[in-house]
Amino acid sequence: MIDRHAPAATPATEPAGPAHQGIMIDSPETRDRDDAIWLHRDGDDTHVWIHIADVAGRFPAGTAADRLAQRRVHTRYRPGRIDPMLPETVEQEAALRPGGPQPTMRIALRFDESAAVTDITVGRGRLHHAHTLTYPLTSRVLAEPSHPLYEVLDHARRLATALLSRRRRAGALAFYDLHRGYATTEEGHLVRLADHQRHVGYLIVQELMIAANSAVADWCMARDLPILFRNHRAATVAGDTTALLDELAAAQARDDPTGYERLRDRMTLVQSPASYDTRVLGHHGLNLAGYTHATSPLRRYADLVNQRVLLAAAAGEPAPYDDATLAALAEHVNEVTREERRRRAERHRTAARDDTRRRLRSAGHEDLSAADFGKVVRLAVAEGRDVPELMAETRRRLHAGELALRDRYEILIGATAPAWRTLREDVHRGICDSPGEPVTVVNLHAQAHSDRPVTPETVEWTVEDVGDVRQPRFAATVTLRLPEGEHRSPTRAAGTKKDAKLQAAIALLATLTGLPDRSHDAPPPTAPPPAAARRVPPERNAAMAVNEYGQHGTITGVQWRFHREGPPHEPEFTCTVSALLPSGHRIEATGSAGGKQAAKLAAATRLRHTIEEALTPTGGDT
């Protein structure tokens, strides 16, 4: 049984409507609480209120606390301690607290039944009644329907799940496995979750904050309001998002921690960092046209700057920063973050080299984790070490599928000492036999050997359509441009673009490694006999007739697309169906109706008429 009084604050002295209540869901040790949520269902719509600590109202720009926050840029979470962005007394004064009332910046959102934002307001708010929950306690509340906060949290759970599904459908790299404790970040990194984060409360907070920050960015773009937008460019070597999500789902289905660690290592290597700018450049990891940070003004200086701009705009007041100052603040935050990242990486490299050298010298490598073992292998390869015991364990892990792609890449490219020859050939064979891996290895090589960011010009793919409608065939070539010179693969052909690129990448690996070329041209498909141009009986349903013409080969590449408009009680569906005639000419027809099947039938009827006209150009029967 849950202690019903523990998560809730003392009731306010006056009744508080849904717009003035909130639940703060945080880690157990959190003290810098800066957001609270509340939800209310209204028919098919869900109203969400997100209250953000009013840091801007308490500490204007130019104060000592603000200058310190600007220097620090963000709160730093270190092992065993936290270094807050603001002085501790200032932080506690500005943080949200149980009970109330307290001033806030309020973001009010309305979502329709598909979890799309249909309305947003931004402005000052007042939080009359605040509750505090930890991530684990949120799960306990959701297990007890009689709890006073159950209904709100159940709405939050349902909306968060719908938001996650919507983001995935839109192409975002969005993934959670709360059982194993893995999740993707905004920038597309796969991270391990702490034990207390492996609860649905974590998903609720993450999804609602992403939705709020995205909606605020849209709100600002619609008003041409300069703020610090959060931009994330696509990394050329990052690979296809859908393929990464498929690999993550496969690791989840297998309950495979080793697979997760491989993906985590790979995704860390290939994802580029995000940055702030007054211009909107889009966010690749979230697959959004615009994004910002506005929900953590206690922890991030960019959020505090944005809060000042947002509150001034909502009140019709002059902007607190001119364009030049705002741009300078964006660059300052980016520079501090870049320098921290550089120093952190150098510290980690130094510590890792010392630790890895000790492990390489020690006997017995069987008990090393995948990450630690990979470091030892890479050091041995870099130094040309001949360590029979290590090589035997490397071979065992390779054949057991336990050797990360990054480690296999290092062996393939760098293990040129004679002692590694056989193992290197085994690695090469395995990579070439794994669909997708040769392309990834080419991208890894580009990143490792280029002195500038990897671009489409660094790894240039040329893919030409050399087939026809009945016999699809593509020829691919890949060119790798590095500081020391250019490498170009021979042209390889296959029935799909993906397979052609795969064979071109395999051919390029032979050039890079000096190992045998395991690529090949897929044989051209056997030409099918000409299809009989016969009519489908007139009494046949039009949709069935279109499909039957496809089965006959009279048409190819039949595609059905649907679009829905109108309110839920009076929808209108539009169906578009298209296909290719043997001549290669694309034909298309559209139909609309109040039901999906009726729209499909209308479109099919029109396309059937076009097909049968093409069968008998003179209009007579066959």
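Heads up: numbering here begins at 1 and tracks the sequence.
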Colleague: Any heavy-atom pair between the side chains of Ile107 and Val216 that's under 4.5 Å?
Modeller: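 Side-chain contact under 4.5 Å: yes.
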Colleague: Would you kindly say whether Arg230 and Thr292 are connected by a side-chain donor-acceptor distance under 3.5 Å?
Modeller: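 Per modelled atom types, Arg230 and Thr292 side chains form no pair under 3.5 Å.
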Colleague: Parallel, tilted or perpendicular: which describes the rings of Tyr202 and Tyr176, with under 30° parallel and over 60° perpendicular?
Modeller: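 Ring orientation, 0 to 90° scale: perpendicular.
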Colleague: Backbone N or O of Leu178 within a donor-acceptor pair of the Arg198 side chain at under 3.5 Å?
Modeller: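 Looks like yes, one N/O pair under 3.5 Å.
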Colleague: Specify the closest pair of heavy atoms between Ala61 and Tyr321, including all atoms of both residues, with the distance to one decimal.
Modeller: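 Heavy atoms of Ala61 and Tyr321 come nearest at CB-OH, 4.0 Å.
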Colleague: Hydrogens and angles aside, do Thr185 and Glu187 bring a side-chain donor and acceptor to less than 3.5 Å of each other?
Modeller: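 Thr185 vs Glu187: no donor-acceptor pair found between side chains.
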Colleague: Walk me through whether Thr458 and Gln447 qualify under side-chain contact (heavy atoms from CB on, under 4.5 Å).
Modeller: CA-CA 9 Å; Thr458 308; Gln447 185 182 47; over 6 Å; no
Colleague: Over all heavy atoms of both residues, which pair between Arg166 and Ala115 is shortest? Give the atoms and the distance, please.
Modeller: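 Where Arg166 meets Ala115 most closely, the heavy atoms are CD-O, 3.5 Å.
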Colleague: State which residue, out of His40, His51, His128, fulfils the ring-ring contact (aromatic ring centres under 6.0 Å, His included) condition with His20.
Modeller: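 Result: among His40, His51, His128, His128 is the only option passing the ring-ring contact (aromatic ring centres under 6.0 Å, His included) with His20.
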Colleague: Taking only residues two or more places apart in sequence or in another chain, which ones pass side chain to side chain contact (heavy atoms under 4.5 Å, CB included) with Ala56?
Modeller: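 Expected list: Asp54, Leu304, Gln307, Arg308, Leu311.
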Colleague: Does Thr30 offer a backbone N or O that forms a donor-acceptor pair with the side chain of Ser27 under 3.5 Å?
Modeller: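 Absent.
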Colleague: Less than 4.5 Å apart, side chain to side chain, heavy atoms only: is that true for Leu173 and Leu245?
Modeller: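 Leu173 vs Leu245: side chains touch.
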Colleague: Under 3.5 Å, side chain of Arg76 to main-chain N/O of His74, donor-acceptor pair present?
Modeller: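 Here the side-chain-to-backbone pair exists.
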Colleague: Please tell me if the side chains of Leu286 and Arg167 come closer than 4.5 Å, counting only heavy atoms from C-beta onward.
Modeller: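 In short, these two side chains touch, coming nearer than 4.5 Å.
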Colleague: Pair Arg564, Asp112 - check salt bridge (charged side-chain N to carboxylate O under 4.0 Å, His left out), show working.
Modeller: CA-CA 14 Å; Arg564 173 177 172 170; Asp112 65 16; over 6 Å; no
Colleague: With the side chain counted from C-beta on, respond yes when Thr325 and Asp322 share a heavy-atom pair under 4.5 Å apart, and no when they do not.
Modeller: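 Yes, at least one pair of side-chain atoms sits under 4.5 Å.
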Colleague: Kindly give the heavy-atom pair with the smallest separation between Leu326 and Pro226, and that separation in Å.
Modeller: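 Residues Leu326 and Pro226, closest heavy atoms: CD2-O, 3.4 Å.
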Colleague: With no hydrogens and no angle check, just 3.5 Å: does a side-chain donor-acceptor pair link Glu186 and Tyr291?
Modeller: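 Indeed, the side chains of Glu186 and Tyr291 share at least one donor-acceptor pair under 3.5 Å.
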Colleague: Check whether Asn306 reaches the backbone of Ile227 with its side chain - one donor and one acceptor, N or O, closer than 3.5 Å.
Modeller: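 Not at all, since once roles are kept as given, no pair shorter than 3.5 Å links the two residues.
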Colleague: Distance from Leu163 atom CG to Ile204 atom CD1, nearest 0.5 Å?
Modeller: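 Leu163 CG to Ile204 CD1: 11.0 Å, rounded to 0.5 Å.
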Colleague: Does any N or O in the side chain of Arg180 come within less than 3.5 Å of the main-chain N or O of Gln252, such that one atom is a donor and the other an acceptor?
Modeller: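 Checking the backbone N and O of Gln252 against the side chain of Arg180, no donor-acceptor pair under 3.5 Å is found.
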Colleague: Indicate yes or no: does Arg31 engage Glu88 in a salt bridge with an N to O separation below 4.0 Å.
Modeller: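 Yes, charged N to carboxylate O under 4.0 Å.
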Colleague: Salt bridge or not for Glu346 and Arg342, using N-O below 4.0 Å?
Modeller: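 No.
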Colleague: Spell out, as yes or no, whether a donor-acceptor pair under 3.5 Å connects the side chain of Arg168 to the backbone of Leu164.
Modeller: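 No; judged by distance alone, with no hydrogens or angles, the pair does not exist.
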Colleague: For Leu281, give me all partners under side chain to side chain contact (heavy atoms under 4.5 Å, CB included), at least two apart in sequence or on another chain.
Modeller: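 Per chain and number, Leu281 pairs via side chain to side chain contact (heavy atoms under 4.5 Å, CB included) with Asn231, Arg233, Asp277, Arg279.
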Colleague: So with a 6.0 Å cut-off around CD of Glu151, is the heavy-atom count from everything else above 12?
Modeller: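 Count not over threshold, so no.
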Colleague: Can you check whether Leu68 reaches Val90 side chain to side chain, under 4.5 Å on heavy atoms?
Modeller: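 Not in contact.
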Colleague: Could you tell me which non-hydrogen atom of Ile52 sits nearest to which non-hydrogen atom of Ala294, and how far apart they are?
Modeller: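 That would be CG2-O, 3.9 Å.
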Colleague: If the condition is ring-ring contact (aromatic ring centres under 6.0 Å, His included), which residues does Tyr182 pass it with, not counting sequence neighbours?
Modeller: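 Tyr182: ring-ring contact (aromatic ring centres under 6.0 Å, His included) contacts with Tyr260.
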Colleague: Work out which heavy atom in Ala53 is nearest to a heavy atom in Leu96; give both atom names and the distance.
Modeller: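 Looking at all heavy atoms of both residues, the closest pair is CA-CD2, 3.8 Å.
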Colleague: Evaluate Asp26 against Thr132 for side-chain contact (heavy atoms from CB on, under 4.5 Å), listing each step before the verdict.
Modeller: CA-CA 8 Å; Asp26 291 288; Thr132 58; over 6 Å; no
Colleague: When rounded to the nearest 0.5 angstrom, what distance separates CG in Leu444 from CZ in Arg406?
Modeller: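 Result: 9.0 Å between the selected atoms.
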Colleague: Measure the CZ-CG distance between Arg41 and Leu159 for me, rounded to the nearest 0.5 Å.
Modeller: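 The distance works out to 8.5 Å.
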Colleague: Do Val48 and His155 come within less than 4.5 Å of each other through their side chains, counting heavy atoms only?
Modeller: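 In short, these two side chains do not touch, never coming nearer than 4.5 Å.
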Colleague: Is there side-chain contact between Arg341 and Pro273, with at least one heavy-atom pair below 4.5 Å?
Modeller: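 The answer is yes; the side chains approach within 4.5 Å.
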Colleague: Would you give the length of the straight line joining atom CG of Leu153 to atom CZ of Arg158, rounded to the nearest 0.5 angstrom?
Modeller: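 Reported value, rounded in 0.5 Å steps: 12.5 Å.
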Colleague: Using side-chain heavy atoms (C-beta onward) and a distance below 4.5 Å, is Arg33 in contact with Leu298?
Modeller: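 With C-beta onward as the side chain, the pair stays apart.
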Colleague: How long is the span from the CD1 atom in Ile50 to the CZ atom in Arg106, to the nearest 0.5 Å?
Modeller: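 Answer for the CD1-CZ pair, Ile50 versus Arg106, is 12.0 Å.
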Colleague: Is a side-chain donor or acceptor of Thr46 paired with a backbone partner of Phe111 at a separation under 3.5 angstrom?
Modeller: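 No, because the side chain of Thr46 does not come within donor-acceptor range (under 3.5 Å) of the backbone of Phe111.
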Colleague: What's the shortest heavy-atom distance between Ala160 and Leu203, and which atoms?
Modeller: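 Nearest pair, atom of Ala160 first, then Leu203: CB-CD2, 3.3 Å.
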Colleague: Hey, are Glu331 and Arg338 close enough for a salt bridge, meaning a charged N less than 4.0 Å from a carboxylate O?
Modeller: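 Salt bridge: yes.
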Colleague: Is the side chain of Glu261 donor-acceptor paired with the backbone N or O of Ala371 at a distance under 3.5 Å, no angle test?
Modeller: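 No, Glu261 side chain to Ala371 backbone: no donor-acceptor pair under 3.5 Å.
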Colleague: Using the rule given for side-chain contact (heavy atoms from CB on, under 4.5 Å), can you reason through Tyr301 versus His332, listing the C-alpha separation, both sets of side-chain angles and the distance that settles it, and then say yes or no?
Modeller: CA-CA 11 Å; Tyr301 192 67; His332 166 71; 5.6 Å; no
Colleague: How about Thr63 and Asp66: does a side-chain donor come under 3.5 Å of a side-chain acceptor?
Modeller: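 The criterion, which ignores hydrogens and geometry beyond distance, is not satisfied for Asp66 and Thr63.
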Colleague: Using modelled atom types and a 3.5 Å cut-off, is there a donor and acceptor pairing between side-chain atoms of Ser214 and backbone atoms of Ile210?
Modeller: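 Absent.
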Colleague: Check the pair Asp323, Thr278 against side-chain contact (heavy atoms from CB on, under 4.5 Å), reporting the backbone distance first and the verdict last.
Modeller: CA-CA 8 Å; Asp323 292 349; Thr278 55; over 6 Å; no
Colleague: About how many Å separate OG1 of Thr258 and CG of Leu263, when rounded to the nearest 0.5 Å?
Modeller: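 Interatomic distance, Leu263 CG to Thr258 OG1, rounded to 0.5 Å: 11.0 Å.
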Colleague: Taking the side chain from Arg299 and the backbone from Asp32, do they hold a donor-acceptor pair closer than 3.5 Å?
Modeller: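 Pair found, side chain donor or acceptor close to backbone of Asp32.
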